[in-house]
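Here is the structure we will look at, set down as structure tokens.
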Amino acid sequence: MKLEGSYDAKKVEDKIYKLWEDSGFFNPDKLPKSYKIKAKSFTIIMPPTNANGNIHAGHALVMTIEDIMTRYKRMKGFKALWLPGLDHAGFETQVVYEKKLEKEGRSRFVITSEELYKEILDFTLENKKNIESQIRKMGASCDWSREKFTLDKDIVKIVYQTFEKLYKDGLVYRGKKIINWCTKHQTSLSELETENTERQDKLYYLKYGPFIITTARPETKFGDKYVVMHPKDKRYENYKDGQKIKLEWINGPIEATVIKDEAIDMEFGTGAMTITPWHDPIDFEIAQRHNLDKKQIIDFQGRLLLIAGEFAGKKITEARPLIVEKLRSKGLVEKIDENYKHSVKTCYKCNSLIEPQIKDQWFLKMEPLAEPAIKVIKKGRIRFIPSHYKKIILHWLKNIIDWPLSRQIVWGIPIPSKICQICHYVMVDIDDKLKSCEKCRGNLQKDSDTFDTWFSSGQWPFATLRTNSEKDFKNFYPTDVMETAGEIIFFWVARMIMLGIYSTRKIPFKYVYLHGLVLDAKGQKMSKSRGNVINPLDITQKYGTDSLRIGLVMGNTPGQSLALDENKIRGYRNFANKIWNASKFVLINTKDYKPTVKKPKLTAKQIKNLKDLQKVIKEVTKLMDDFKFYYAAEKIYHYFWHVFCDKIIEESKPALAGIAELRRNSGGIAHELNNRHATQYMLLEMLSQSLKLLHPFMPFITEGIYQQLPIKDKKKCLMVESWPR
RNA sequence: GGGCGAGUAGCUCAAUGGCAGAGCACACGGUUUACAUCCGUGGGGUUAUAGGUUCGAAUCCUAUCUCGCCCACCA
């Protein structure tokens, strides 16, 4: 690489990445000898990237921050391991693939699950390759020899072992419980995969025998045969718990039962309501408490069942007005509140209404898992950056509910359980050995469900290390930093902490660094529908990876969202060019410099200049240790441009000038020659130290220039130079 | 209903008890032999509001306002 013209990132980046990768230094076991003296390790497990598309701006930020940490620690002499991985991303990928199918005019429901699985697998593996090269493009110094994929056989085996252990410990259980059902995607979802949406609906006041009850969903009321009120409600003190009441209802006369329960809000409506335990979580709980019947009204496609009589087979949306009409004609409608504001649950992917349903599934008991997690977080053994996330995660952990693990989609890790077709006994069978029911010898049927993808990624830190080797697990676990998006603190971070402690009896990581969202230049969330998505690879192509990287870091405090403005990146492209030109100047003026010569005698000014640099190094190092990369980057930027370039280089021009010019300046030639030599020494010293400080942020350009420097004891790569002290 | 974050120069954000800063933008002036993707100079602030603590507050406390986000089972 020659230093001429202005800096052209495209010409050098791929070559430099190859130099690094070929050196083997991404692998902490293959670092140069000097590194092994300090046996301490530094580990980051890369959040496994979803292999269902291209990397987006958020990934670029992940790669940048984690690479900065890794390169910094590596230069500090740690055995730095950054372990890369990719995620099959169960539901997320299936949703992406279903959209693709829709575009092609196909539907997942007419393809056999084997075929669908195969298609999505091909799709994912293709994307996986693609993303691996995009991660390289970002300059990520991760150890590809240890790369993991969430569907690797050995990873799946660990996931199964954890599941079995949880089962044996009584923490995972099969339950007929109410779940969030997405009618479009035909699967259950966890709480986190649903959203609450504010809506304005009608609230119906209906005559239910002697009571007036309220409902927003008249179409679910067919089977309602319990009317519930608060035990302390004076208005209903004449009605006894368990009392039977005959009354006329939608499809004829029924016998209703009075239930008293404290869950009822006396302020709401008339303080009396009927319950639909199959399709409402609160009603379900009341029914559980009083041991009441539960009846399904709506099927999994969102259509009314036979219980609805004449309305059976109709979609709930079309049935609702018809049902209200019938109620009205029977004189059962007291009044309708037209402006009823409430929030409804929707699927976080398709925004369609969630239909609560009772379904037999696997659940994970969370409280016993959360307890030790709460303890270590409270004690500060896991530190959050920024620190307020500590409160957020503790609040969530303290109010945790059981986690439904089963998903009715093909794209995922199959749940290793079998059910007896005769006695319905359920067995966990991780080695696929069982041929018949342990209890009644009946035939077994495999569970067709798959795990929630977060169940496997929740085991990622120890699973990745263990499957590489037990030695790796010993050397690199617990890991040091988990760096990821603040958005997925519950989805992922909390579960890694719980499952990590459960499986290994150790915390999985010491620091959790959470970055914010990357927004567009106007501070808007990027989305395909808005059409404001910035592709990081386009930016890289235009301005170079280094410019994008430092642009993503500067002014980006952890936890806070960041506006990605192309103008800003252009500014850092200029900075890259500045580095290039300053280096060019130093190299041109040090052609006759001999690195083997002893350190020359420096002037007082030169000594002071070097001392100032020492100060900057100290400050930057402190900031790096405090995870304040945005601030460290700014300090180096300022030093390089406005001190080194604007002052030092300018001031050293006379001393570097040719002898003819020096004669005119009087003074002894020998002295001036010495001064020239000393100036060269100072400039090279400052340049090489600056390049080291800049390297974690802008690895490509700094490495490229380093390769040209005429300095003593040069390493093979700047990447493995020691961090300045 | 509860919680969290933010509010500082035109814009994007730093600075958490000690002279309020940077980048971009703007204005003026520069072909100084690395760089016009550059250099020099400059304007621009009652740190959202009100009160309090302190020798000293953007920073700590109290209240209020605005914006954003998260959590929550009013049928």
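So you know, we letter chains A, B, ... as the sequences are listed, proteins then strands, and number each from 1.
Annotation: of the two residues near RNA chain B, Ala272(A) and Leu192(A), the 5′-most nearest-nucleotide partner is Leu192(A). The residue among His642(A) and Gly271(A) whose nearest nucleotide of RNA chain B lies closer to the 5′ end is His642(A).
Note: CD1 (Ile636(A)) to P (G23(B)) measures 16 Å, nearest angstrom. Distance Glu487(A) CD to C71(B) P: 11 Å, rounded to the nearest Å. Following rounding to the nearest Å, Met273(A) (CE) and C73(B) (P) show an atom-to-atom distance of 14 Å. For the pair Glu651(A) CD and A34(B) C1', the computed distance is 16 Å after rounding to whole Å. In this entry the distance linking CG of Asn589(A) with P of U33(B) reads 13 Å, nearest Å. Here C35(B) presents its C1' atom at 11 Å from CZ of Phe585(A), a figure rounded to the nearest Å. What separates CD1 of Ile392(A) from C1' of G2(B) is a distance of 13 Å, to the nearest Å. Nucleotide U37(B) holds its C1' atom 12 Å from the CD1 atom of Ile701(A), rounded to whole Å.
When the side-chain nitrogen and oxygen atoms of Trp641(A) are compared with OP1 and OP2 of C39(B), one or more of them lie within a distance under 4.0 Å. Regarding contacts with the backbone of C73(B), every side-chain N or O of His342(A) stays at 4.0 angstrom or more from both OP1 and OP2. Remark: Asn581(A) is not in phosphate contact with U37(B), judged by side-chain N or O atoms under 4.0 Å from OP1 or OP2.
In the set A34(B), G40(B), C73(B), G40(B) carries the atom at the smallest distance from any side-chain atom of Asp646(A). Taking the side chain of Asn196(A) as heavy atoms from C-beta on, and the options U37(B), A72(B), G5(B), the nearest nucleotide is A72(B). The side chain of Lys578(A) sits closest to C38(B) out of C71(B), G23(B), C38(B). Across C71(B), A34(B), C35(B), the shortest atom-to-atom separation from the side chain of Lys653(A) is found for A34(B). In this structure, the nucleotide among G23(B), C74(B), C39(B) sitting nearest to the side chain of Phe268(A) is C74(B). Distances from the side chain of Ile649(A) to the nucleotides A34(B), C71(B), G23(B) place A34(B) closest.
As judged by a 4.0 angstrom heavy-atom cut-off over every strand, Asn577(A) is placed among the base-contacting residues.
Remark: Lys349(A) engages Glu92(A) in a salt bridge, criterion side-chain N to carboxylate O under 4.0 Å. Looking at Glu262(A) and Arg289(A), no side-chain N of the basic residue comes within less than 4.0 Å of a carboxylate O on the acidic one, giving no salt bridge. Lys622(A) has a carboxylate O that lies under 4.0 Å from a charged side-chain N of Asp626(A), or vice versa, which qualifies the two as a salt bridge. Between Asp293(A) and Lys225(A), at least one side-chain N (NZ, or NE/NH1/NH2) sits under 4.0 Å from a carboxylate O, which counts as a salt bridge. Taking a cutoff of 4.0 Å between a charged side-chain nitrogen and a carboxylate oxygen, Asp233(A) and Arg235(A) qualify as a salt bridge.
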**Prompt:** Dot-bracket for RNA chain B, 5' to 3', counting Watson-Crick or G-U wobble pairs under 3.5 Å, with [ ] for crossing pairs and | for inter-strand pairs?
**Reply:** (((((((..((((....[..)))).(((((.......))))).....(((((..]....))))))))))))....
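Comparing the P positions of A9(B) and A14(B) gives a spacing of 13 Å, expressed to the nearest Å. Spacing between C13(B) and A27(B) at atom P, rounded to whole Å, works out to 24 Å. C61(B) and A25(B): their C1' atoms are spaced 38 Å apart (whole Å). A gap of 36 Å separates the C1' atoms of U62(B) and G23(B), to the nearest Å. Spacing of C1' atoms, U53(B) relative to U59(B), comes out at 13 Å, to the nearest Å. The separation of A22(B) from G40(B), taken at their P atoms, amounts to 13 Å, rounded to a whole angstrom. As rounded to the nearest Å, U16(B) and U8(B) have C1' atoms that lie 13 Å from one another. The P atoms of G1(B) and A20(B) are separated by 41 Å, rounded to the nearest whole Å.
When side chains are defined from C-beta on, Leu687(A) does not count as touching Phe585(A), because their heavy atoms never get closer than 4.5 Å.
Cation-pi contact between Lys635(A) and Tyr631(A): present, with separation from the ring centre below 6.0 Å and deviation from the ring axis of at most 45°.
Separating the OG1 atom in Thr540(A) from the CG atom in Leu548(A) is a distance of 4.5 Å, to the nearest 0.5 Å.
Shown here is Glu267(A), whose CD atom has no more than 12 heavy atoms of other residues, nucleotides or ligands within 6.0 Å.
Using cut-offs of 30° and 60° on the angle between ring planes, the pair Phe627(A) and Phe629(A) is perpendicular.
Screening Asp592(A), Asn675(A), Asn589(A) for a side-chain hydrogen bond (donor to acceptor under 3.5 Å, both in side chains) involving Gln680(A) leaves a single residue, Asp592(A).
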**Prompt:** How would nucleotides 10-17 of chain B be written as a contact map, 5' to 3', with B for base contact, S for sugar-phosphate-only contact and - for no contact, using protein heavy atoms under 4.0 Å?
**Reply:** ---SSS--
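Distance alone, capped at 3.5 Å, is enough to place a donor-acceptor pair between the Thr215(A) side chain and the Arg217(A) backbone.
At a cut-off of 3.5 angstrom, counting only N and O atoms as typed in the model, there is no donor on one side facing an acceptor on the other between the side-chain of Lys391(A) and the base of C4(B).
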